[in-house]
S.K.: 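First, the structure itself, so that you have it in front of you.
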Amino acid sequence: MASIELTELLGGGSRPDLTDAELARLSDGFETASAASIIRWAVEEFGTRLALTASMTDGVLIDLATQVDPGIEVVFIDTGYHFPETLETVEAVRRRYGLNLRIMTVAPQERSLWEADPENCCSAVKVGQLDRALADKDAWMSGLRRAEAFTRAAAPIIGRDIRGLVKVNPLATWTDVDVRGYIADHDVPVNPLLERGYLSIGCMPCTRPVAPGEDPRAGRWSGSDKTECGLHG
Ligand code: SF4
């Protein structure tokens, strides 16, 4: 069933009460839809109760989303551990799109927490700040893609997170080639670390560049079993 038919089936207006079955049907219906149409659905459905979270690896999702809603709230979590290049990208993207940007800052942590207990560090620093940012939201969007890692291969386009909020991944079906093509066609700002082999960019102490052929996220928490920070749960 085409996505537009699914949307009509579910009716218009704000629908924070969408059931899991309805979300699954919408997600399936959007499998072949454009990212712009998925974003448009989310903006029309949730309005100001929708936020976009950005890792600032590149500005692709922001470029797409601000074409639909120039005032969409964009959340960036400043962990205090970011690479200088990531913070430069925040400013480049802010200037380029005139963003409604909400930067969540974190009280200084014990310096060794990321080393001693990365799960707790991510939980306190990243997940805790995301919880705060989403406290008044019904839904959020991220640039998560299935091609980024085998752990993300089954990610839905629309689902529900552990908070009960609707989670929208408009780029879920995009390949690396799709992303590179969009960046080139639209002159989208990118984090300069990408050119230096950092294909997935997180906090400085927990991120290394990856070798050719390695999983793009192999450089995150390298040498440990940890693969996700918990933001996308
Ligand atoms: S990625 Fe590393 S430094 Fe950043 S919040 Fe997680 S454990 Fe802490």
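Counting starts at 1 for both ligands and their atoms, in listed order. What's counted below: heavy atoms across the whole structure, side chains too, no hydrogens, waters or symmetry copies.
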S.K.: Check the angle between the aromatic planes of Tyr198 and Phe83 and answer parallel, tilted or perpendicular using the 30° and 60° thresholds.
M.R.: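 Rings of Tyr198 and Phe83: perpendicular, over 60°.
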S.K.: Without swapping roles, check the side chain of Gln67 against the backbone of Asp63 for a donor-acceptor pair under 3.5 Å.
M.R.: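 Yes.
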S.K.: For atom 8 (Fe) of ligand 1, find the nearest protein heavy atom and state the residue, atom name and distance (0.1 Å precision).
M.R.: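 Result: Cys121 SG, 2.4 Å.
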S.K.: What about Phe46 and Trp140, are their ring centers closer than 6.0 Å?
M.R.: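 When the ring centroids of Phe46 and Trp140 are compared, they turn out to be at least 6.0 Å apart.
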S.K.: Report the part of Cys122 in contact with ligand 1, treating N, CA, C, O as backbone and CB onward as side chain, heavy atoms under 4.0 Å; options are side chain, backbone, both, neither.
M.R.: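 Both backbone and side chain of Cys122 come within 4.0 Å of ligand 1.
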S.K.: Any donor and acceptor pair, going by atom type alone, linking the side chain of Lys126 with main-chain N or O of Asp78 inside 3.5 Å?
M.R.: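 Between the backbone of Asp78 and the side chain of Lys126 there is no qualifying donor-acceptor contact (under 3.5 Å).
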S.K.: Less than 3.5 Å apart, any donor N or O on the side chain of Thr86 or Asn191 sitting next to an acceptor on the other?
M.R.: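 Distance-only check passes for Thr86 and Asn191.
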S.K.: Taking 2.8 Å as the cut-off, does an N/O/S atom of Cys203 lie below it from atom 8 (Fe) of ligand 1?
M.R.: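 No, Cys203 does not qualify, because none of its backbone or side-chain N, O or S atoms lies under 2.8 Å.
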S.K.: Quick one: which ligand 1 atoms are inside 4.0 Å of a heavy atom on Pro118?
M.R.: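 That gives atoms 7 (S) of ligand 1.
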S.K.: Can you name the atoms of ligand 1, numbered from 1 with element, that are less than 4.0 Å from a heavy atom of Tyr81?
M.R.: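 Atoms satisfying the 4.0 Å criterion: 3 (S).
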S.K.: Quick one: which ligand 1 atoms are inside 4.0 Å of a heavy atom on Cys206?
M.R.: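 The list of qualifying atoms is 1 (S), 2 (Fe), 3 (S), 7 (S).
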